[in-house]
Amino acid sequence: MPDPSLTTRASRAVTEAVSGLPRQFWWLWTSTLINKLGAFVVTFLALYLTTDRGYSASYAGLVASLFGLGSAFASLVAGVLADRIGRRPTLVAAQLGTALFTALLGFSDGQVTIAAVAFLVGFCNNATRPATSAIIADIVPAEDRVRAFALNYWAINIGFGLSAAVAGLIATHGYLTLFLLDALSTVVCAVVIFVRIPETRPDAPAADRDGAAARPAIGLGAVFQDGRFMAVVVLNLLLALVAQQGSTTLAVDMGRAGITSTQYGLVIGLNGLLIVVLQIPLTRWMEGRDRTALLVASALFIGWGFGLTALAGSSAWFYAFTVAVWTLGEILNAPTMMGLVAELSPAEARGRYQGVYSLSWSLASFLGPAAGGVLLERAGSGVMWGACAVLGTVAAGGYVLLGRRPGAALAKSAAVATAPASGTSPVPGTSPTPGPERAAEPERASAGG
């Protein structure tokens, strides 16, 4: 019989996690869940190209890299558009484009055509990220953002875990159905956003309270000159290069080891399942913990979790164990890292900052699959997964160095950050101006990929 006190604590934790957030957030959460429930193509693209279409691991890596190249362009373009024309039109247009090109990819034939359409899918798919993150930051009060971003990340992984498990079964009857269902779910997501979520972009500040002229707009150049922020982006790129192997090189390696598409779906679905179960309680546990320690631990879990794949052989159970290890690192990393990004992002340039942060993931999805495919094909599984362990260790060392810098944002505790308000400026060489949101603001958690 379940322990009543344990049930009561669990019920109270869930209630505290979901209460008090704006209605618009829950519509965004719902649209995200719907979209991810049908997000089959990215997860199974490498397996589809190698096992169903008969292409080489190198070609599968190239296609995934072109998908990532499209994502890289989208990170910057969509970040600027979210700040200029608004979050809502940027998000809806990106989702409709994703649906169109995902369906088209299912019907595409020939190496050049598949590669070109994959680029367009990557562009439209990633164009949703800066706008989504900016909407959450716009509509959720500062004190609730850590919960809001954690819940959004939760929705992503509920959808991902279920879709990965189901997609493996659907794929046995043909991959075209996966492409069409993915496109349909994205259309539904776009409709929900269009009907239920108004534009949330903050008005551009005309002047400060003393009557002085408004600060000039923060452009992309200023974001790239923000040294603290870019150091975080570079370290995230190292970990993202490792994490990208989970949906590309890992699929190819498991296929070579005799793992079926159904088994692969169940193994990779464990990632989403563990995040669904552990993300909320671990996010609460992480509050007030040393941020440097959390990021170092996350980097080691991710790097060495993938590194252990070299020992998996043909055991689906061992592959599942390695997924559990790097998933723990992902759970620790996501809310901590997004809290840091929130702290360094001013309200009037949230789209641009989120776009540049997303660029680290996009570059990884461009470079990671190609490098992983070449390493796996030419150097073997041991070298491939050993390189992941090395990158995770280097990233951990980088976090240690950043955490030792006097006054560095990384030195603060997790979920106890002070985020810049619209009255602050992160532009290098300028001093922040105190604003009404300058009081302690919880860090935000979001999906890292």
Side-chain angles (χ1 to χ4, degrees), residues 42-43 45-46 61 64-76 78-79 122-123 125-130 132-133 149 153 156-157 160 224 229-251 268 271 275 294-307 309 323 325-341 344 353-373 375 384-385 387-399 402 410 445-449:
V42 175
T43 304
L45 184 58
S65 293
L66 288 172
F67 181 97
L69 181 62
S71 299
F73 281 111
S75 297
L76 300 181
F123 181 91
N125 181 69
N126 200 59
T128 64
R129 292 187 180 183
T132 299
S133 296
F149 275 84
Y153 189 52
I156 290 171
N157 285 282
F160 171 76
F224 283 109
F229 178 71
M230 291 308 300
V232 170
V233 170
V234 169
L235 290 178
N236 189 71
L237 173 61
L238 296 181
L239 286 183
L241 286 168
V242 177
Q244 281 299 321
Q245 308 308 318
S247 58
T248 54
T249 314
L250 180 61
I268 202 66
N271 170 254
I275 291 174
L294 290 174
L295 289 174
V296 168
S298 72
L300 294 176
F301 275 119
I302 292 171
W304 285 91
F306 277 97
T309 307
V323 169
V325 174
W326 56 258
T327 296
L328 180 58
E330 183 181 345
I331 292 172
L332 295 176
N333 183 271
T336 310
M337 181 61 71
M338 285 306 299
L340 189 56
V341 173
L344 299 174
Y353 269 73
Q354 293 290 349
V356 172
Y357 173 70
S358 179
L359 180 63
S360 64
W361 287 99
S362 301
L363 287 175
S365 64
F366 169 55
L367 300 172
L375 276 178
M384 168 62 227
W385 302 118
C388 290
V390 171
L391 286 179
T393 304
V394 171
Y399 289 132
L402 279 182
L410 193 60
S446 180

Exercise: identify the closest heavy-atom pair between [X] and [Y]:
X	Y	answer
A243	W361	CB-CZ3, 3.9 Å
G392	V242	N-CG2, 4.5 Å
M230	F224	CG-O, 3.3 Å
P130	A127	CD-O, 3.8 Å
W326	G305	CD1-C, 3.9 Å
G368	Q245	O-NE2, 3.1 Å

Listed by chain and number, what are the side chain to side chain donor-acceptor pair (under 3.5 Å) partners of [X], not counting sequence neighbours?
X	value
T128	none
T327	N271
S360	N236

Spatial distance of atom [atom1] ([X]) from atom [atom2] ([Y]) [nearest 0.5 Å]:
X	Y	atom1	atom2	result
S71	N126	OG	CG	4.0 Å
L235	L391	CG	CG	11.5 Å
L359	Y353	CG	OH	14.5 Å

For [X], what residues pass the side chain to side chain contact (heavy atoms under 4.5 Å, CB included) criterion, not counting sequence neighbours?
X	value
V234	none
A299	L239, A395, A396, Y399
A387	L375
A364	L237, A240, L241, Q244

Donor-acceptor contact below 3.5 Å, side chain E330 vs main chain I302: no
Pair S298-N333, side-chain donor/acceptor within less than 3.5 Å: yes
Distance-only polar pair, side chains of T249 and W385, donor-acceptor under 3.5 Å: no
Non-neighbouring partners of F73 that pass ring pair (Phe, Tyr, Trp, His ring centres under 6.0 Å), sequence neighbours left out: none
4.5 Å side-chain heavy-atom contact, F229 and V356: yes
